[in-house]
Amino acid sequence: MQVNTAQPNALLDTAIQLVGERTGLDLTAIEPGPGADLLIRLNKAPTPTAYRVEIKRYLNKQTVALLAARLAEDPTPTMLVTDYVNPQQADRLRRRNIPFIDTAGNTYVNEPPIYVFATGNKPDILPTAKPRVRLFQPTGLKLIFALLNQPGLEQKPYRQQAEVAGIALGGVAWIMGDLRDGGYLIEPTPKTRRLINKRALTDLWVENYPARLREKLILGRYTTTHDRWWQDTDIAAHRAYWGGEIAADRLTHYLKPQDVTLYADKVPATLLLENRLQKVPDGNVEIVKQFWHFDYPEKALQIVPPLLVYADLIATGDARNAELARMVYDEHVARHIRED
DNA sequence: AGCTAAGAACCATGTGACCC
DNA sequence: GGGTCACATGGTTCTTAGCT
């Protein structure tokens, strides 16, 4: 069946119809009114069940992970509606108990006593015309980080931006285009480009950084029997900077650091030797590759830029770090991203 | 049915030529 | 000097088929 994927409702209607035909599941779309979330009702359930509709095109692993994270915070019953869920993705969704329907007739609904899991149906036309959004790919994350930390950088030539962000020139135009499309950049003239919605952009950066960039930059995890070795270490002498809890401690003095994160261009061999750091898969000392190439005031404290400290604290998902993250944000990040 | 491996298909990115 | 684009490359993801 040809799907008019330009229309969200067409996608929803097609999915409801096809899933109904293939599995007998009786669903109805409900439009509650302007401004309210679209709902989908599961008919014939013992108690009427309504799901908030989450329409996502071109599903991938990250989309599923982000949706799962969101639902962990806000458990409003939500049904994913998409063009095609392949068998692997279907399994991921089922394991996370996220109900879905797609336009190929695949579905997962677990609303006892109703249980339907249908997978393996192929769409007639595979959704391959994915619009490439590079904003939150590694390259995009590097450039956005540079832009958020260096106010006014967006007005500089692409070549300079590429250099500061440590990315290829060719990538800058793509990312600037995505920023414009996403409503994060206005450009009356090239010389007056201006970043807007910085708060929202920062939130998205923090959300995407751990899985999409940080994960790829981990140089190794280490452990040592030396206690509080980091306290008197002149880390800058090893061409490295503290991140995470130690950096947060230096900014706020509110924490007894347990885990150690440090950023460096390459693994500092002498530091490992001096402190008997041994490489182990789950060590509490993590060395991450430095990915930015600009100066910032907090460098004097031998720490990474505060936005990165904040992101690392959030990434731990540790309740102990949540309040500290908020302090770092309020006192050291917020002023960088105020709208001017 | 579930697992695994191999190959295909797709995607992100850097490079450098070209144009304004 | 500055921006755009085609292309090559390397990596990731998906599909398929064979095996248990």
Length of the [atom1]-[atom2] vector between [X] and [N], whole Å:
X        : N      : atom1 : atom2 : answer
A:Leu213 : C:dG11 : CG    : P     : 17 Å
A:Trp174 : C:dG3  : CH2   : P     : 17 Å
A:Lys156 : C:dG1  : NZ    : P     : 17 Å
A:Leu169 : B:dA17 : CG    : C1'   : 12 Å
A:Glu163 : C:dG2  : CD    : P     : 12 Å
A:Gln155 : C:dG2  : CD    : P     : 14 Å
A:Phe117 : B:dA1  : CZ    : C1'   : 13 Å
A:Ile175 : C:dG3  : CD1   : C1'   : 14 Å

Of the listed nucleotides [options], the one nearest the side chain of [X]:
X        : options               : result
A:Pro138 : B:dG14, C:dG3, B:dT13 : B:dT13
A:Gln137 : B:dT13, C:dT4, B:dG14 : B:dT13
A:Ala168 : B:dG14, B:dA12, C:dG3 : B:dG14

Are the side chain of A:Trp205 and the backbone N or O of A:Leu141 linked by a donor-acceptor pair below 3.5 Å?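 Answer holds: yes.
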
Exercise. Given B:dT13, is OP1 or OP2 found less than 4.0 Å from the side-chain N or O atoms of A:Thr139?
Worked result: yes

| message | If you go through the side-chain atoms of A:Arg159, does one of them form a donor-acceptor pair with the base of C:dG3 closer than 3.5 Å? | response | yes

Note: with side-chain heavy atoms under 4.5 Å as the link, the other cluster members for A:Leu39 come out as A:Ile30

Using a 4.5 Å side-chain heavy-atom cut-off and chaining through intermediate ILVMFWY residues, the residues clustered with A:Leu273 come out as none

> For the ring pair A:Phe145 and A:Phe291, is the centre-to-centre distance below 6.0 Å?
Replying inline: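 Aromatic pair counts; centres sit under 6.0 Å.
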
Applied to residues 266-280 of chain A, the side-chain hydrogen bond (donor to acceptor under 3.5 Å, both in side chains) test, sequence neighbours excluded, yields A:His238-A:Thr270

_Run the salt bridge (Lys or Arg N to Asp or Glu O under 4.0 Å) test against A:Arg94 and tell me which residues pass, sequence neighbours left out._
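With sequence neighbours excluded, A:Arg94 shows a salt bridge (Lys or Arg N to Asp or Glu O under 4.0 Å) to A:Asp91, given in chain and number order.
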
> Does A:Arg326 have any salt bridge (Lys or Arg N to Asp or Glu O under 4.0 Å) partners at least two apart in sequence or in another chain, and if so, which?
Replying inline: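 If we apply the salt bridge (Lys or Arg N to Asp or Glu O under 4.0 Å) test to A:Arg326, skipping adjacent residues, the hits are A:Glu323, A:Asp330.
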
Using atom names, set out every protein N or O paired with an N or O of nucleotides 16-19 of chain C below 3.5 Å, distance rounded to 0.1 Å.
unit_1: C:dT16; atom_1: OP2; unit_2: A:Lys122; atom_2: NZ; d: 3.0

For this session: May I ask you to say what A:Gly170 touches in the nucleic acid, namely base, sugar-phosphate or nothing, with a heavy-atom cut-off under 4.0 Å?
Result: base

